[in-house]
Number of protein chains: 2
Amino acid sequence: MKEQVPDVVIQRLPMYAHILRALKDVGVESIGSRELGAMLRTTPAQIRKDLSYFGKFGKQGMGYDVGQLLSEVTHVLGLGRPWSLALVGTGRLGRALIEHKGFVDEDFQMVAVFDKNHRRIGRKLGGLVIQDVVELEQTVKERGIEIGIVAVPPGEAQRIIDTLVRAGVKAILNYAPIVARVPKGVQLRQITPLHSLQSMTYYLKPGYVAPAPVAEQRTKKKTRESGI
Amino acid sequence: MKEQVPDVVIQRLPMYAHILRALKDVGVESIGSRELGAMLRTTPAQIRKDLSYFGKFGKQGMGYDVGQLLSEVTHVLGLGRPWSLALVGTGRLGRALIEHKGFVDEDFQMVAVFDKNHRRIGRKLGGLVIQDVVELEQTVKERGIEIGIVAVPPGEAQRIIDTLVRAGVKAILNYAPIVARVPKGVQLRQITPLHSLQSMTYYLKPGYVAPAPVAEQRTKKKTRESGI
DNA sequence: CCGTGTGAACCGCTTCACAGCG
DNA sequence: CGCTGTGAAGCGGTTCACACGG
């Protein structure tokens, strides 16, 4: 149990939950930090440290109870209860998002979709009637929608984000490639695949040489050969 | 000019490039670290530090030449020449990716698409004929495809990634929600919107209280009243 | 003087190493 | 004993503060 949980830890927890659910589904009941670390491509120390921010869930000598740890992580993240989403923009991307199974799981429910194109308004998408974007603010307020998903062209994205914020949304997932502005206290996540590509190319350039693999400490001691 | 460039800096450069291009398009010729910082939502110090890793592009008292800085950043990232992409998986997501304008810009060109579904193989998608995924490895090798985009179901993703790696791809953009394994030297970026949502909810929970705004240093001195 | 470039201080996260519990 | 939980050390990145160039 600690003071403040680092942001990085929070961002790792969804992966923890993901793996733990998979383990549970397969019937694994207990797991150690070593194996869990291997599955998540981190170190055992990282696992233990991360979990220590929330409490002591492990049993020394044994490891962690998968089911218990899963529900703990789930609870920390605020999952296990449904969150309501609104999608703005029903172009190719918006439609793909809403129809792509797995984008939304049981904890996230799309409850309204918006577009400004009058040819689309009134049609159905994913079981919802597409509303005129002018209704966005009021609908979000009335229905207490908590999270907004922005899939509109770049030129309109900031305006939509401002509207969502004004309507009281506290978290936004933005697919438009802009440097969005949100007030403090509003969460923003950016999905910008182009930027991912553009940063990978740096490491692919002829000039790039990988950093030395730490050079030292290929010792692998630590096996405690003194003991017997 | 420095030794090794931090990864975080590389990941910020696409945004730098994005903003600089926008500025250039609008006719802005010069910009200071203060304004650039404001546009990128960082501090001037961050901007100057980041740029210092590559050289000295600014003129003291003035600022940075937008065009020059843009081409510098572009060059550092290895852009300005085309990179070839292969898409694997032409379900809803894959189709949305390839048809969504703006996903790929002039520096990234999709040159092959694959699927395992025989109903889709042979059809055209984005101007390309969908190939059988069994041809993936050979085609990637033959055509020297450099980057792979994975948009297949989770259960098949790791196998596809392994195949891409075997074929010589050095960078992979993966949309499947798995904890993928790639050998060192291969770049991997994960696009997992569900995890973004799941980490945002932590900050939306009733229990969460924002960290104190640093408390001190609301002094705003630094006006250098000692000088004269 | 204004604003860049940069060593140095600072800060937060990761890794280490080990005390302690089952 | 094995493995968790954790203070402490280590490290990378950010922020500060100022020397220096136009």
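Everything numeric in this text was worked out from a predicted model, so none of it was measured. Residue numbers start from 1 in every chain, and the chains themselves are labelled A, B, ... in the order their sequence lines are given, proteins ahead of strands.
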Return the minimal non-hydrogen interatomic distance between B/A112 and B/I145, and the atom names on each side. CB-CD1, 4.0 Å

Numerically ordered, the residues 31-43 of chain A set in heavy-atom contact under 4.0 Å with DNA chain C is A/T43

Taking DNA chain D as the partner, which of residues 7-14 of chain B come within under 4.0 angstrom of it by heavy atom? B/D7, B/V8, B/R12

Side-chain donor-acceptor pairs under 3.5 Å in residues 33-48 of chain B, sequence neighbours left out?
| from | atom 1 | to | atom 2 | distance (Å) |
| --- | --- | --- | --- | --- |
| B/S33 | OG | B/R48 | NH1 | 3.3 |
| B/E35 | OE1 | B/G32 | N | 3.3 |
| B/R41 | NE | A/A180 | O | 3.3 |
| B/R41 | NH1 | B/A38 | O | 3.2 |
| B/T43 | OG1 | B/Q46 | N | 3.1 |
| B/Q46 | NE2 | B/D50 | OD1 | 3.3 |

What residues in residues 61-71 of chain B put a non-hydrogen atom under 4.0 Å from any atom of DNA chain C? B/G61, B/M62, B/G63, B/Y64

Quickly work out the A/I47 CD1 to C/dC16 P distance and round it to whole Å. 15 Å

Could you name each residue pair satisfying salt bridge (Lys or Arg N to Asp or Glu O under 4.0 Å) that touches residues 152-163 of chain A, not counting sequence neighbours? A/K116-A/E156

Test side chain to side chain contact (heavy atoms under 4.5 Å, CB included) applied to B/A171 - qualifying residues, sequence neighbours left out: A/M200, A/L204, B/I147, B/Q187

Strictly below 4.0 Å: does B/Q46 bring a side-chain N or O up to OP1 or OP2 of D/dT14? yes

Please report the shortest heavy-atom distance between B/T201 and A/L77, naming the atom on each side. OG1-O, 2.6 Å

Round to the nearest Å and state the distance from A/Q4 atom CD to C/dC11 atom C1'. 14 Å

To check you understand the geometry: which heavy-atom pair defines the closest contact between A/S30 and A/V66, and what is its length? N-CG2, 3.7 Å

Decide if atom CD of A/Q68 counts as having more than 12 heavy atoms of other residues, nucleotides or ligands within a radius under 6.0 Å. yes

Nearest-nucleotide comparison on DNA chain C, the residue closer to the 5′ end among A/P6 and A/Q60: A/P6

d(CG, A/L51; P, D/dT4) in whole Å: 10 Å

Whole-Å distance separating the CG atom of B/D50 from the P atom of C/dT4: 14 Å

Whole-Å distance between D/dT15 P and B/K49 NZ? 12 Å

Between NZ of A/K59 and P of D/dT4 the distance, given in whole Å, is 12 Å

Length of the CZ-C1' vector between A/R48 and C/dT15, whole Å: 10 Å

Counting the benzene-type ring for Trp, do A/Y208 and A/Y203 have ring centres under 6.0 Å apart? yes

Say whether A/Q11 and B/S199, considering side chains only, have a donor N or O and an acceptor N or O under 3.5 Å apart. no

Nearest heavy atoms of B/L70 and B/T74, plus distance in Å: O-OG1, 2.7 Å

For the residue pair B/S84 and B/E146, confirm or rule out a side-chain donor-acceptor distance under 3.5 Å. yes

